[in-house]
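Chain identifiers are assigned alphabetically (A, B, ...) following the order of the sequence lines, protein sequences preceding nucleic acid strands; residue numbering begins at 1 within each chain. Side chains are part of it too, since the values below use all heavy atoms of this structure and drop only hydrogens, waters and symmetry mates.
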Amino acid sequence: MRRAFFRATAALAAIGLTAKASAQQAPAPASSGSKGRVKVVYQLSEGNDQAVRAMANLRNHLNGAPDTKIVVVAFGFGVDFLVEGAKDARGNTFEAPVAALSSSGVEFRVCRNTLTARRISEQNLLMDAKVVQAGVVEVARLQFEEGYAYIKP
Amino acid sequence: MADPMRVRATENGGVVDVKILMKHDMETGQRKDASGKTVPAWHIQTVTASYKGKDVFQAQFGPAVSKDPFLNFKFKGGAKGDKVTVTWVDNRGDKRTDEATIA
């Protein structure tokens, strides 16, 4: 009875050890690349209310981790806040917060497919916005090829 | 090489509206870094915009101008499809020239 118990615990301990060993090995290649800066992509596709939340999130993000490289990808209704004269529910424009974030290193990328589909002229976008061909492709590419983390506020 | 400017020019009724967003740290020379040493002044000193080889706008910038300055001006007599060229020079002699086609 007692011997069986010992055997069982030994077996469990062994499983635990191998599990721990494999767990330690697994993340090693991911973190060994000395990636340096944390990179994050924010997806904005739901209109100005989401953009207001995102502005606060972005500010907090940069306060907590000033070294982070942040790219905002806007498509669908998410491009609205980057159009000149856009206002949030309280009537404040987005120009000042976008310019402030932009000068602290945040990039704003807008989907050209959205602009075409919604007939928004590139000339009407804020100066800080840069146009890319497809928002979804950009979000996928940044994550898959450049190792960005994904946040949707 | 400094970061590119964003330049946008639109024509309406013979008047061209030019918007420029420059990427520059615009250090005043008054700030101190974490170790207490003064960060040397490094800011744009002159901005010029030209249309068909002729200056249509000139500005002198000093340390009081903000980081990443934005500039908007209008001039008469531009036509769609032509180019507006904008150049800045900073106090270290760095230069940056960018152009935009009038839309």
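With a 4.5 Å cut-off on non-hydrogen atoms, A:Leu125 touches chain B through its backbone and its side chain both. Proximity to chain B (any heavy atom under 4.5 Å) is shown, for A:Ser102, by both the backbone and the side chain. Contact annotation for A:Ala129: only backbone heavy atoms (N, CA, C, O) come within less than 4.5 Å of a heavy atom of chain B.
For CD of A:Gln133, the number of neighbouring non-hydrogen atoms (other residues, nucleotides, ligands) closer than 6.0 Å is greater than 12. Heavy atoms of other residues, nucleotides or ligands lying less than 6.0 angstrom from CG of A:Asn63 number more than 12. By the neighbour-count criterion of 12 heavy atoms within 6.0 Å, atom CZ of B:Phe70 is densely surrounded, having more than that number from other residues, nucleotides or ligands.
Of all non-hydrogen atoms in B:Asp68 and A:Ser103, the two that sit nearest each other are OD2-CB, 2.7 Å. Nearest heavy atoms, B:Arg6 versus A:Met127: NH1-O, 2.9 Å. Considering all non-hydrogen atoms of both residues, A:Gln123 and B:Arg8 come closest at O-NH1, 2.9 Å.
Under the 4.5 Å side-chain heavy-atom criterion for Ile, Leu, Val, Met, Phe, Trp and Tyr, B:Trp42 and B:Met26 are members of distinct hydrophobic clusters. Side-chain heavy atoms closer than 4.5 Å link hydrophobic residues (I, L, V, M, F, W, Y) into clusters, and following such links, possibly through other members, connects B:Ile20 to B:Phe75. Linking Ile, Leu, Val, Met, Phe, Trp and Tyr whenever their side-chain heavy atoms come within less than 4.5 Å puts A:Leu58 and A:Val38 in one cluster.
Taken from OG in A:Ser104 to NZ in B:Lys67, the straight-line distance is 6.5 Å, to the nearest 0.5 Å.
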